[in-house]
Amino acid sequence: MTTHAHQDVPQVRFGIVLLPNFTLTALSGLIDVLRLASDEGDKSRPVRCSWKIIGESLAPVRASCGIEIAPWETFGDPARFDYIVVVGGLLHSGPEPGRATLEFIRAAGATRAELVGVCTGTFALMRAGVLDGHRICVSWFHYWDFVDQFPATPPELVLADRLYVADRRRITCSGGRASIDVGAAILMRHIEPSIVQKALRILQVDEQHKSNAPQPHPPGLAPAAHPKIKRAILLMEQHLSSALTVDEMAKKLDMSVRQLERLFKAETGSTPQAYAKAMRMRVASWMLTHSGRTVAAIASACGFSDASHMGREFRHAFGVSPGAYRSGGTEGAATQGQAPEADYGEVYPGRKEFY
């Protein structure tokens, strides 16, 4: 009886393309929203919407975690779908999307199907030439990779401060948990919102995030060219809340401390300590204006010893307290969101930590 009740509602059809080393979380989050909203109870039948994993061939595609998923069908006619979702993952770790995949995406862009880039699936949409003139959402973690690979893209069109962007018939998503929000936003265009909200509750998601909801971190400072220094900067990002010492950093990079400091200065014009401090200040300033966390929680997340420590550094860098910076009501906070440019040459006594 339930099935008959929904027979007059057009089924929303999704074709899902998996790129090599795709992120499993991004895929599973999207599909579970579709599955739970598509049917009643635990039946998971494709009633309100359907989804198919499609590819160049039926050969399994390996996720970044090692799990392999075989496409159900080869590409075929893209017009048979309402939405074509391209799910990416790791960059620089395996083959790039094949010519057939890019040709399929290009052909899909000429149909009424809406194209969705999830995680680094957006890179494939760019290579296929279907995002020209559109606003594009990328993860803050891949922001500089995107800028490097597509230097002709106007900077104002590349957004790394929100979870996803819908621009005409293109949706781009930062990845991870945001794929749940994208799936929910799409389904709310077509089916009763209360059904979608119920699916989110089953997934233990309190509420759907809107497209302008902020990503957890802003894009990082501009990276260096040397591979050792690129890796050093990634390590700084990964240890934001728990600082590595200079010795620990050098050991991980298989370098001496002297070599690391000399190369870092040559590549960035800054010391490792100053660069890491600027990164922490940038993230802290961004969190103050883009999240509701307390100053103490932000201080902990950004590697400061406590709120007082962060307050002292803020006054030194911006001339205002974190609270005044958050309110944006003083001259000292006029450059909100900008990383302080001063060279933090001083290192705290004792351990040479990246504060």
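Just so it is clear, the model here is predicted, and its values are computed rather than measured.
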Checking Glu56 against Thr74 for the side chain to side chain contact (heavy atoms under 4.5 Å, CB included) test, could you report, in this order, the C-alpha distance in whole Å, the side-chain angles of both residues, the deciding distance, and whether it holds? CA-CA 6 Å; Glu56 295 183 15; Thr74 52; over 6 Å; no
Given side chains that start at C-beta, do those of Trp140 and Ser174 come closer than 4.5 Å, heavy atoms only? no
I'd like to check Val116 versus Ile186 (side-chain heavy atoms, cut-off strictly below 4.5 Å). Are they in contact? yes
Check whether any side-chain heavy atom of Met310 sits under 4.5 Å from a side-chain heavy atom of Pro322, and report yes or no. yes
Can you find a heavy atom in the side chain of Ile84 that is under 4.5 Å from one in the side chain of Ile105? no
Between Arg48 and Ser38, a side-chain donor and acceptor under 3.5 Å: no
Donor-acceptor contact below 3.5 Å, side chain Ser242 vs main chain His239: no
Phe104 and Pro78: which non-hydrogen atoms are nearest, and at how many Å? CE1-CB, 3.6 Å
Gap between atom OG1 of Thr268 and atom CG of Leu263 - 0.5 Å precision: 9.0 Å
Residues Asp247 and Lys251 bridged, charged N to O under 4.0 Å: no
Using a strict 4.0 Å threshold on nitrogen-to-oxygen distance, state whether Arg62 and Glu68 make a salt bridge. no
For Arg162 and Leu159, run side chain to side chain contact (heavy atoms under 4.5 Å, CB included): C-alpha distance rounded to whole Å, both residues' side-chain angles, the deciding distance at 0.1 Å, then the answer. CA-CA 7 Å; Arg162 61 194 67 189; Leu159 308 175; 4.0 Å; yes
Report yes if some heavy atom in the side chain of Ser285 is under 4.5 Å from a heavy atom in the side chain of Tyr325; otherwise report no. yes
For the student: nearest non-hydrogen atoms of Phe81 and Gly15, plus distance: CD2-N, 3.4 Å
Mind checking whether Tyr83 and His190 have ring centres under 6.0 Å apart? yes
Return yes if some donor-acceptor pair links the side-chain N/O of Asp306 with the main-chain N/O of His309 below 3.5 Å, else return no. yes
Tell me, please, which residues at least two apart from Arg258 pass side chain to side chain contact (heavy atoms under 4.5 Å, CB included). Ser256, Arg262
Flag side-chain contact, heavy atom, 4.5 Å: Val47 against Gln11: no
Any donor-acceptor pair under 3.5 Å from Ser291 side chain to Met287 backbone: yes
If I take atom OG1 from residue Thr153 and atom CZ from residue Arg135, how far apart are they, to the nearest 0.5 angstrom? 14.5 Å
Can you check whether Trp286's main-chain N or O pairs, donor with acceptor, with His290's side chain at less than 3.5 Å? yes
To the nearest 0.5 angstrom, please state how far the NZ atom of Lys198 sits from the CD atom of Glu192. 12.5 Å
Could you measure the distance from the CD1 atom of Ile202 to the CG atom of Leu36? Nearest 0.5 Å is fine. 5.0 Å
If Ile, Leu, Val, Met, Phe, Trp and Tyr residues are connected whenever their side-chain heavy atoms lie under 4.5 Å apart, and connections chain through other members, are Phe123 and Leu90 in the same group? no
Is the backbone of Leu253 close enough, under 3.5 Å, to the side chain of Lys228 for a donor and an acceptor to pair up by distance? yes
Full working for side chain to side chain contact (heavy atoms under 4.5 Å, CB included) between Ile233 and Lys230: CA-CA 5 Å; Ile233 293 169; Lys230 280 186 177 180; 6.0 Å; no
So Arg177 and Val205, do their side chains get closer than 4.5 Å, heavy atoms only? yes
Kindly assign one of parallel, tilted or perpendicular to the pair Phe146 and Phe150, based on the angle between their ring planes and the thresholds 30° and 60°. tilted
Looking at Arg13, is its backbone amide N or carbonyl O close enough to the side chain of Asp82 to form a donor-acceptor pair, meaning the two atoms are under 3.5 Å apart? yes
Considering non-hydrogen atoms only, spot the tightest contact between Ser179 and Cys173 and give its length. N-SG, 3.8 Å
Give a yes or no on whether a salt bridge exists between Arg35 and Asp32, defined as a side-chain N under 4.0 angstrom from a carboxylate O. yes
Rounded to the nearest 0.5 Å, what separation is found between the SG atom of Cys137 and the CZ atom of Arg170? 16.0 Å
Mind checking whether Tyr275 and Phe264 have ring centres under 6.0 Å apart? yes
Are the side chain of Glu73 and the backbone N or O of Gly55 linked by a donor-acceptor pair below 3.5 Å? no
Quick check: is Phe75 connected to Leu58 through a chain of hydrophobic side chains (ILVMFWY, heavy atoms under 4.5 Å apart)? no
Closest approach of Glu267 to His226 (non-hydrogen atoms, all atoms of both residues): OE1-N, 3.1 Å
Using a strict cut-off of less than 4.0 Å between a Lys/Arg side-chain nitrogen and an Asp/Glu carboxylate oxygen, indicate whether Glu114 and Arg189 qualify as a salt bridge. yes
Side-chain heavy-atom pair Ile54, Pro71 within 4.5 angstrom cut-off: no
For residues 16-31, please give each side-chain donor-acceptor pair under 3.5 Å, one per line with the distance, not counting sequence neighbours.
from: Asn21; atom 1: ND2; to: Ser93; atom 2: O; distance (Å): 2.0
from: Ser28; atom 1: OG; to: Leu24; atom 2: O; distance (Å): 3.0
from: Ser28; atom 1: OG; to: Thr25; atom 2: O; distance (Å): 3.3

Do you know the tightest heavy-atom contact between Phe318 and Met281? CE1-CE, 3.9 Å
Going only through I, L, V, M, F, W and Y residues with side-chain contacts under 4.5 Å, is there a path from Leu157 to Leu125? no
What pair of heavy atoms forms the shortest contact from Thr271 to Ala274, and how long is it? OG1-N, 3.0 Å
What distance do Leu200 atom CG and Leu187 atom CG have between them, rounded to the nearest 0.5 Å? 9.0 Å
Stepwise, does the side chain to side chain contact (heavy atoms under 4.5 Å, CB included) test hold for Leu34 with Phe14? CA-CA 9 Å; Leu34 304 185; Phe14 292 81; 3.8 Å; yes
